[in-house]
Novice: 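Sending over a structure as structure tokens; questions will come in a sec.
For this chain, numbers begin at 1 and follow the sequence in order.
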Amino acid sequence: MNRLVLASLTAAMMAAPLMADESFGGIGVTIYQVREGVHVVEVIPGTPAAETKLQAGDVITAVDGVSLAGKTIDESKDLLRGTVNKPLEVTYKSEGEVCSTVIRRAQMTVKDLDGKSVQAWYGDKQEFNSQELETYASASQSDKQLVAVLQNGSVVNKEASVKANGLNGIYVEKAKEFEPKVQTKNVVRNGDVLLRGFTRKAVSYSVKTPGKTIVTILNADGEQVAKIVNEGATAGVNTVAWNAENIPSGRYMVSIDHNGSVSGTIAALK
């Protein structure tokens, strides 16, 4: 693996050495660049990415419809990181299948944990488990929630005992700071739910099974501009009406919740 990156964490920084006291909008993965996109090394617990089915070994191939194939790691990380609370559509390959999910970036902070301070705090101990490291890291951060401790760019395993060098605490703002979130616990495989049309008068989409659908439309700042409920969606193409007469032209996130599974697509309103 060349050039592991702590990313969004979004794709925030080159891996070695990690920067101290770095804050940014991210989703919570570590990555490195491959030919067709970026390979996910780890999904950081407690981050927006951990609420999806994105997992280690997946390859992110596009962000908001922009392909990551052939890009540099810096170009890929710039697409992944961005405005806090703003949703992005991530397309990725997982176990041979193409998937997509919508994730809201969270405010994330990476803080260096000074090895000597950690040792002194515990009475000059030499090795520590992840719980001890997390207890130390959380002690002075009342406004942030510690989600993981990394050593040299990798999450410290719960069962591991490590020396207090090369450590970073990974924090997110308390949940109230970046709610509400797009629900992304269940990812829809591409083809299960597809956006078919997006105009100022109607939204058309297809589903493979009947049930309830909720269409949520968000603007570029992540603000909800419309929510349309269809209690009786049928298998095949469905069309729901809405009035966008006074809504500005531009790119919008169209999120479709079908029987509890969420799919999201960026669409242009003309």
Novice: Gln224: which residues meet the side-chain hydrogen bond (donor to acceptor under 3.5 Å, both in side chains) condition with it, sequence neighbours left out?
Specialist: none
Novice: Report yes if the side chains of Val110 and Ile170 come closer than 4.5 Å at any heavy-atom pair, otherwise no.
Specialist: yes
Novice: Verify, without hydrogens or angle tests, whether Thr83 (side chain) and Lys86 (backbone) share a donor-acceptor contact under 3.5 angstrom.
Specialist: no
Novice: If only side-chain N and O atoms count, and only distance matters, is there a donor-acceptor pair under 3.5 Å linking Arg200 with Ser249?
Specialist: yes
Novice: Please enumerate all residues that pass salt bridge (Lys or Arg N to Asp or Glu O under 4.0 Å) together with Lys163, with sequence neighbours excluded.
Specialist: Glu127
Novice: Would a hydrophobic clustering, with Ile, Leu, Val, Met, Phe, Trp and Tyr connected at side-chain separations under 4.5 Å, put Val66 with Ile60?
Specialist: yes
Novice: Any idea which heavy atoms bring Ala244 and Leu269 closest together, and the distance?
Specialist: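 Shortest heavy-atom contact: CB-CD2, 4.1 Å.
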Novice: What residues, two or more places apart in sequence or in another chain, satisfy side chain to side chain contact (heavy atoms under 4.5 Å, CB included) together with Ala69?
Specialist: Ser67
Novice: Taking ring-ring contact (aromatic ring centres under 6.0 Å, His included) as the cut-off, I'd like each qualifying pair that reaches into residues 49-72, sequence neighbours left out, listed once.
Specialist: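 Counting only pairs at least two positions apart or across chains, no ring-ring contact (aromatic ring centres under 6.0 Å, His included) contact touches residues 49-72.
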Novice: Find the distance between OG1 (Thr101) and NZ (Lys53) and round it off to the nearest 0.5 Å.
Specialist: 10.0 Å
Novice: Return a table of donor-acceptor pairs under 3.5 angstrom between the side chains of residues 210-219 and protein atoms on other chains or two or more places apart.
Specialist:
residue: Thr213; atom: OG1; partner: Tyr205; partner atom: OH; Å: 2.5
residue: Asn219; atom: OD1; partner: Asp221; partner atom: N; Å: 2.9
residue: Asn219; atom: OD1; partner: Gly222; partner atom: N; Å: 3.2
residue: Asn219; atom: OD1; partner: Glu223; partner atom: N; Å: 2.9
residue: Asn219; atom: ND2; partner: Glu223; partner atom: OE1; Å: 3.0

Novice: Would you say that Val59 contacts Tyr92 through its side chain, given a criterion of any heavy-atom pair below 4.5 Å between the two side chains?
Specialist: no
Novice: Could you list all the salt bridge (Lys or Arg N to Asp or Glu O under 4.0 Å) pairs where at least one residue sits in residues 232-255, not counting sequence neighbours?
Specialist: none
Novice: Tell me which one of Gln33, Lys71, Arg81 satisfies side chain to side chain donor-acceptor pair (under 3.5 Å) with Ser76.
Specialist: Gln33
Novice: Hey, does the side chain of Thr30 reach the backbone of Glu42 with a donor-acceptor pair shorter than 3.5 angstrom?
Specialist: yes
Novice: State, yes or no, whether a side-chain contact exists between Val162 and Val149 at a heavy-atom distance under 4.5 Å.
Specialist: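 No, side chains not in contact.
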Novice: Answer yes if the side chains of Asp58 and Ser94 hold a donor-acceptor pair under 3.5 Å, and no otherwise.
Specialist: yes
Novice: Could you tell me which non-hydrogen atom of Ala233 sits nearest to which non-hydrogen atom of Asn238, and how far apart they are?
Specialist: CA-OD1, 3.4 Å
Novice: With sequence neighbours left out, write down each residue that passes side chain to side chain contact (heavy atoms under 4.5 Å, CB included) with Ala50, or none if nothing qualifies.
Specialist: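 Ala50: side chain to side chain contact (heavy atoms under 4.5 Å, CB included) contacts with Val43, Thr47.
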Novice: Are any side-chain N or O atoms of Asp64 and backbone N or O atoms of Glu89, one a donor and one an acceptor, separated by less than 3.5 Å?
Specialist: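 Yes, Asp64 side chain to Glu89 backbone: donor-acceptor pair under 3.5 Å.
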Novice: Quick one: CG on Asp257 to NZ on Lys227, what's the gap to the nearest 0.5 Å?
Specialist: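 It is 8.5 Å, given to the nearest 0.5 Å.
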Novice: So do the side chains of Leu79 and Leu68 get within less than 4.5 Å of each other, counting heavy atoms only?
Specialist: yes
Novice: Counting C-beta onward and ignoring hydrogens, is there a side-chain heavy-atom pair between Val207 and Thr234 closer than 4.5 Å?
Specialist: no
Novice: Looking at every non-hydrogen atom in both residues, tell me the closest pair between Pro87 and Val102 and how far apart they are.
Specialist: CB-CG1, 3.9 Å
Novice: Let me confirm one number: the OG-CG distance from Ser117 to Leu167, rounded to the nearest 0.5 Å.
Specialist: 11.5 Å
Novice: What distance separates Lys201 NZ from Trp242 CH2, expressed to the nearest 0.5 Å?
Specialist: 13.5 Å
Novice: Looking only at heavy atoms, which two atoms of Pro48 and Ile103 are closest? And how far apart?
Specialist: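 For Pro48 and Ile103, the tightest heavy-atom pair comes out as CB-CG2, 3.5 Å.
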Novice: Evaluate Lys111 against Tyr171 for side chain to side chain contact (heavy atoms under 4.5 Å, CB included), listing each step before the verdict.
Specialist: CA-CA 8 Å; Lys111 294 185 70 67; Tyr171 303 84; 3.8 Å; yes
Novice: Shortest non-hydrogen contact from Arg196 to Ser206?
Specialist: NE-OG, 3.0 Å
Novice: Evaluate side chain to side chain contact (heavy atoms under 4.5 Å, CB included) for Leu80 paired with Asp78, printing each intermediate quantity in order.
Specialist: CA-CA 6 Å; Leu80 282 167; Asp78 287 343; over 6 Å; no
Novice: So which pairs with a foot in residues 42-78 pass ring-ring contact (aromatic ring centres under 6.0 Å, His included), sequence neighbours left out?
Specialist: none
Novice: Could I get the full list of ring-ring contact (aromatic ring centres under 6.0 Å, His included) partners for Tyr252, not counting sequence neighbours?
Specialist: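 ring-ring contact (aromatic ring centres under 6.0 Å, His included) list for Tyr252, sorted by chain: empty.
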Novice: At what distance, to the nearest 0.5 angstrom, does OG of Ser161 lie from CG of Asn129?
Specialist: 6.5 Å
Novice: Apply side chain to side chain contact (heavy atoms under 4.5 Å, CB included) to Lys93 and list each qualifying residue two or more places apart in sequence or on a separate chain.
Specialist: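 So Lys93 forms a side chain to side chain contact (heavy atoms under 4.5 Å, CB included) with Glu36, Thr61, Val98.
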Novice: What pair of heavy atoms forms the shortest contact from Gln107 to Phe24, and how long is it?
Specialist: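 So the two residues come closest at NE2-N, 3.5 Å.
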Novice: Spell out, as yes or no, whether a donor-acceptor pair under 3.5 Å connects the side chain of His258 to the backbone of Thr209.
Specialist: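 At least one qualifying donor-acceptor pair exists.
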Novice: Just checking, is any N or O donor in the side chain of Ser23 or Thr109 under 3.5 Å from an acceptor N or O on the other one?
Specialist: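 Per modelled atom types, Ser23 and Thr109 side chains form a pair under 3.5 Å.
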Novice: Does Ala267 have any side chain to side chain contact (heavy atoms under 4.5 Å, CB included) partners at least two apart in sequence or in another chain, and if so, which?
Specialist: Leu195, Phe198, Val254
Novice: Output yes when a side-chain donor or acceptor of Glu75 lies under 3.5 Å from a complementary backbone atom of Thr72, and no otherwise.
Specialist: yes
Novice: Taking ring-ring contact (aromatic ring centres under 6.0 Å, His included) as the cut-off, I'd like each qualifying pair that reaches into residues 58-77, sequence neighbours left out, listed once.
Specialist: none
